[in-house]
Enquirer: 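Please read through the structure below; I'll follow up with questions.
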Amino acid sequence: MNGPPLTLVEELSRLGYALMRLLFARAKEVFAKEGVSPLQAEALRLVAEGVRLPSRLAEHLEVLPSQVSHLLASLEEAGLLERHPDPEDRRRVQLQLTPKGKAVQGRLQAAWLEAYRQHLSRLNTAELLAFRDLLKKLTEVERG
């Protein structure tokens with residue numbers, strides 16, 4: 001059998017999941033202060049990063065197009081997002097954050113980074129760099 005011992009894999013799995021849950025719980029607190037759900041916050045982040053089509057947003061969020069439609073409606077109703085006709089194909093719409101949406105997304109991003117920074121502050125500089133390098137290695141796409 002190749003790879004690390006199963007007991008170590010189990011321990012790392014539990015620790016990784018525990019870290020993910022801690023960060024997600026903190027994220028939910030941050031998002032609730034702005035009145036958005038984690039899914040809405042992720043949608044705002046993706047649109048801010050350039051995802052313009054609802055179909056692409058559904059792919060990134062790994063949800064059904066009908067779910068994205070409801071999500072977009074809620075963000076529009078909150079004044080955070082607008083849908084505009086696609087100039088290249090009038091059957092499609094493009095997504096854009098409103099000024100309010102940009103402000104909310106900026107505050108969400110800043111609060112999330114601060115929460116994550118607080119967790120990371122438990123590590124010294126050498127540990128932070130090693131953690132970064134390990135995460136890079138573990139998240140690299142396998143090359144065939």
Enquirer: Do Val93 and Leu57 sit in the same hydrophobic cluster, where Ile, Leu, Val, Met, Phe, Trp and Tyr count as joined when their side-chain heavy atoms come under 4.5 Å apart?
Expert: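 Different hydrophobic clusters.
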Enquirer: Just so I know, are the side chains of Arg117 and Leu120 near enough to count as touching, which here means a heavy-atom distance under 4.5 Å?
Expert: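 In short, these two side chains do not touch, never coming nearer than 4.5 Å.
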Enquirer: Which heavy atom in Ala78 sits nearest to a heavy atom in Lys100, and how many Å separate them?
Expert: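 Minimum heavy-atom contact is O-NZ, 2.9 Å.
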Enquirer: Give a yes or no on whether Trp112 and Val36 share a hydrophobic cluster (residues Ile, Leu, Val, Met, Phe, Trp, Tyr; joining criterion: side-chain heavy atoms under 4.5 Å apart).
Expert: no
Enquirer: Hey, quick one: are Val63 and Leu75 part of the same hydrophobic cluster, counting side-chain heavy atoms closer than 4.5 Å, chains of contacts allowed?
Expert: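 In one cluster with Val63: Leu75, yes.
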Enquirer: Taking the side chain as everything from C-beta on, heavy atoms only, tell me whether Asp86 gets closer than 4.5 Å to Leu53.
Expert: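 Heavy-atom side-chain distance check passes, below 4.5 Å.
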Enquirer: To check you understand the geometry: which heavy-atom pair defines the closest contact between Arg90 and Pro85, and what is its length?
Expert: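 That closest heavy-atom pairing would be NH1-CB, 3.2 Å.
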Enquirer: Report the distance from atom NZ of Lys137 to atom CG of Leu134, rounding to the nearest 0.5 Å.
Expert: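 These two atoms lie 8.0 Å from each other.
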Enquirer: How long is the span from the NE2 atom in His60 to the CD atom in Glu62, to the nearest 0.5 Å?
Expert: 10.5 Å
Enquirer: Quick one: does any side-chain atom of Glu127 pair with a main-chain N or O of Asn124 as donor and acceptor, under 3.5 Å?
Expert: yes
Enquirer: Would you call Arg14 and Glu11 a salt bridge, taking side-chain N to carboxylate O under 4.0 Å as the test?
Expert: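 Not counted as a salt bridge, because no side-chain N and carboxylate O are separated by less than 4.0 Å.
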Enquirer: Give me the one residue out of Glu76, Gln94, Gln96 that meets side-chain hydrogen bond (donor to acceptor under 3.5 Å, both in side chains) with Arg83.
Expert: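 Only one option passes, and that is Glu76.
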Enquirer: Kindly say whether Ser66 contributes a backbone atom to a donor-acceptor pair with the side chain of Ser69 at under 3.5 angstrom?
Expert: no
Enquirer: Please identify which of these residues, Leu71, Thr98, Leu72, meets the side-chain contact (heavy atoms from CB on, under 4.5 Å) condition with Leu81.
Expert: Leu72
Enquirer: Hey, does Leu128 have a side-chain heavy atom less than 4.5 Å from the side chain of Arg132?
Expert: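 Arg132 vs Leu128: side chains apart.
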Enquirer: Determine the minimum heavy-atom distance between Val30 and Ala111, stating which atoms define it.
Expert: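 Between these two residues, the closest heavy atoms are CG1-CB, 3.2 Å.
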Enquirer: Is Leu61 reachable from Val47 through a run of hydrophobic residues whose side-chain heavy atoms are each under 4.5 Å from the next?
Expert: yes
Enquirer: Measure the CG-CZ distance between Leu23 and Arg21 for me, rounded to the nearest 0.5 Å.
Expert: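 One finds 12.0 Å between CG of Leu23 and CZ of Arg21.
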Enquirer: Rounded at 0.5 Å granularity, tell me how far CG in Leu12 sits from CG in Leu19.
Expert: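 Spacing of CG (Leu12) from CG (Leu19) equals 12.0 Å.
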Enquirer: Please round to the nearest 0.5 Å and tell me the distance separating atom CZ of Arg26 and atom NE2 of His119.
Expert: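 Answer for the CZ-NE2 pair, Arg26 versus His119, is 8.5 Å.
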Enquirer: Answer yes or no: are there more than 12 heavy-atom neighbours, outside Glu77 itself, under 6.0 Å from its atom CD?
Expert: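 Atom CD in Glu77 is not packed in, count stays at 12 or less.
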Enquirer: For the CG atom of Leu44 and the CD atom of Gln40, what is their distance to the nearest 0.5 Å?
Expert: 7.5 Å
Enquirer: Would you say Glu29 has more than 12 foreign heavy atoms packed within less than 6.0 Å of its CD?
Expert: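 Counting neighbours around CD of Glu29, more than 12 heavy atoms of other residues, nucleotides or ligands fall under 6.0 Å, so yes.
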Enquirer: Closest heavy-atom contact between Phe31 and Pro38?
Expert: CD1-CA, 3.5 Å
Enquirer: Got Arg45 and Gln105 here, is their nearest side-chain heavy-atom distance under 4.5 Å?
Expert: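 They are in side-chain contact.
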Enquirer: Minimum heavy-atom separation for Ala41 to Leu108, with atom names?
Expert: CB-CD1, 3.9 Å
Enquirer: Heavy-atom distance under 4.5 Å between the side chains of Val51 and Leu95, does that happen here?
Expert: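 Of all side-chain heavy-atom pairs linking Leu95 with Val51, none is under 4.5 Å.
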Enquirer: Are Leu113 and Leu135 connected in a single hydrophobic cluster, I mean Ile/Leu/Val/Met/Phe/Trp/Tyr linked by side-chain heavy atoms less than 4.5 Å apart?
Expert: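 Yes, Leu135 and Leu113 fall within the same hydrophobic cluster.
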